[in-house]
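Below is one structure; the comments refer to it alone.
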Amino acid sequence: MTRVHILATGGTIAGIGPSQVDPAYRAGGLSVDVLVDAVPGLRDVATLTGEQFSQVGSQDMRDDLWLALAARVNTLFSADEADGVVVTHGTDTAEETGYFLHLVVKSEKPVVLTGSMRPATALSADGPLNLFNAVSVAADPHARGRGTIVAVNDDLHSARDVTKSSTTDVQAFVSPGPGLLGTASYGRIRYFRHPTHVHTRATEFSVDGRYSLPRVDILYAHANMPADLVRASVALGAQGIVIAGMGNGNVPAGVAHALTDAAGAGIAVVRSSRVGSGDVGRNIEVDDDGLGLVASDQLNPQKSRVLLQLCLAHGLQGRSLQDAFYRY
Ligand code: ASP
């Protein structure tokens, strides 16, 4: 049987509430063994091993945990200890962790992130079926070469494209633009496509020997946005700034001036959008060429931050940064 290793990081899938019908709960309370034992037939899908990597709500995910998680996945594959890896994770930042792994795991073997919207103790908890599907995908030879996959609520998303779109619905994830990678129904898997952009072994990114990443801040644009937020970010040591801009990555004129100053001082500035779907194009309403700014293309602000951190860690600057946003 195929060998699947589960790395449990916490999240609502391991959450414990006071009763089956109380919406309050504590994320990350249950261990990986309890999660596995709650899923009937899971040990028939693959030869399972499990490991408690962390026990955090994913709002507490950090750069150092991403680096350690990626390093662990790479070791599992390079030492041939697993044919596929499942990461159980909170849903809040699953898209960021997933995209990070998509860019730095150096293997064709599948990495599948899953989580749940309802805690493990809730009536109609969604975690067990999500875990069943995630293990099924990780054990599937056809999942190879598709990068990191997020398996939730019977849908399979490319980690590059997925984003959380509901705070509370069980159907909480969408892949705007490129759409679903596939579906999974009680372990029966269908793929619709391959990832559209460069990932895993084909990227220039590596986590080897890294224990931190450059500071990149996200600033959320709005009507009347004050420009001093940009200056504060620079003063606090940000090496990169991602703007969650209005519409096609727009900001008020005063903020644009402050961003131009920041870019002139060597801070990498990426214009993304707070809208949630659609592209941010270069030189549309903003003169990116003249001002030295980068357009995020299809990446939302939180994913732009992940890519920019990796780019800065690898010394990419200027036009190479823009190329990276088109390539990844
Ligand atoms: N706050 C939780 C987390 O991200 C939410 C969830 O898992 O659904 O860990």
Side-chain angles (χ1 to χ4, degrees), residues 6-36 38-39 50-70 72-73 85-102 111-135 137-138 148-157 159-176 184 218 220 244 276 300-303 305-306:
I6 302 176
L7 290 166
T9 68
T12 298
I13 192 168
I16 306 172
S19 85
Q20 283 195 298
V21 290
D22 190 326
Y25 67 96
R26 182 171 57 85
L30 298 177
S31 71
V32 61
D33 298 333
V34 176
L35 299 190
V36 169
V39 186
E51 172 179 343
Q52 198 68 50
F53 175 82
S54 62
Q55 278 186 298
V56 296
S58 72
Q59 56 271 41
D60 287 320
M61 259 302 147
R62 305 184 309 259
D63 297 351
D64 59 316
L65 290 177
W66 282 347
L67 290 162
L69 183 64
R72 182 71 186 119
V73 173
V85 165
V86 168
V87 178
T88 60
H89 197 284
T91 61
D92 288 354
T93 61
E95 64 193 89
E96 288 148 88
T97 302
Y99 186 46
F100 185 77
L101 296 175
H102 191 67
V111 178
V112 186
L113 244 81
T114 194
S116 76
M117 292 300 288
R118 295 178 180 143
T121 51
L123 187 63
S124 294
D126 50 330
L129 183 52
N130 284 347
L131 185 55
F132 187 83
N133 281 331
V135 170
V137 174
T148 300
I149 296 172
V150 176
V152 275
N153 207 29
D154 292 359
D155 288 339
L156 305 182
H157 301 264
R160 177 186 183 273
D161 304 320
V162 70
T163 190
K164 189 172 184 179
S165 62
S166 171
T167 55
T168 51
D169 271 6
V170 171
Q171 178 55 25
F173 287 90
V174 293
S175 287
I218 299 175
Y220 197 98
N300 69 20
Q302 53 273 34
K303 289 205 171 132
R305 176 177 177 273
V306 169

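Residues: numbered from 1 along the sequence shown. Both counts, for ligands and for their atoms, begin at 1 and track the order of listing.
Ligand 1 lies less than 4.0 angstrom from a heavy atom belonging to Ser116.
Donor-acceptor pairing under 3.5 Å is recorded for the side chains of Thr12 and Tyr25.
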Q | side chain to side chain contact (heavy atoms under 4.5 Å, CB included) assessment of Val150 paired with Glu95 | A | CA-CA 8 Å; Val150 176; Glu95 64 193 89; over 6 Å; no
Q) So Asp92 and Lys164, side chain to side chain contact (heavy atoms under 4.5 Å, CB included) or not? Walk me through it. A) CA-CA 7 Å; Asp92 288 354; Lys164 189 172 184 179; 2.9 Å; yes
**Q.** Worked verdict on Leu131 versus Thr88 for side chain to side chain contact (heavy atoms under 4.5 Å, CB included)
**A.** CA-CA 8 Å; Leu131 185 55; Thr88 60; 3.9 Å; yes
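Not one N or O on the side chain of Thr9 forms a donor-acceptor pair closer than 3.5 Å with the backbone of Phe53.
Against a heavy-atom cut-off of under 4.0 Å, Gln59 is close to the following atoms of ligand 1: 1 (N), 2 (C), 3 (C), 4 (O), 9 (O). The distance from ligand 1 to the heavy atoms of Asp92 drops below 4.0 Å at these ligand atoms: 1 (N), 2 (C), 3 (C), 4 (O), 5 (C). Ligand 1 places these atoms under 4.0 Å from at least one heavy atom of Gly57: 9 (O). Heavy-atom proximity to Tyr25, at under 4.0 Å, picks out these atoms of ligand 1: 5 (C).
Annotation: atom 5 (C) of ligand 1 to nearest protein heavy atom, Thr12 OG1, 3.1 Å. Looking only at protein heavy atoms, the nearest one to atom 9 (O) of ligand 1 is Ser58 N, 2.7 Å. The protein non-hydrogen atom at the shortest distance from atom 8 (O) of ligand 1 is Thr91 OG1, 2.5 Å.
Here Thr97 pairs with Trp66, His89 under the side-chain hydrogen bond (donor to acceptor under 3.5 Å, both in side chains) rule; sequence neighbours left out.
Atoms CG and CG, on Asp155 and Asn130 in that order, are 9.5 Å from each other to the nearest 0.5 Å.
Under 4.0 angstrom from ligand 1, there are no non-hydrogen atoms of Ala94.
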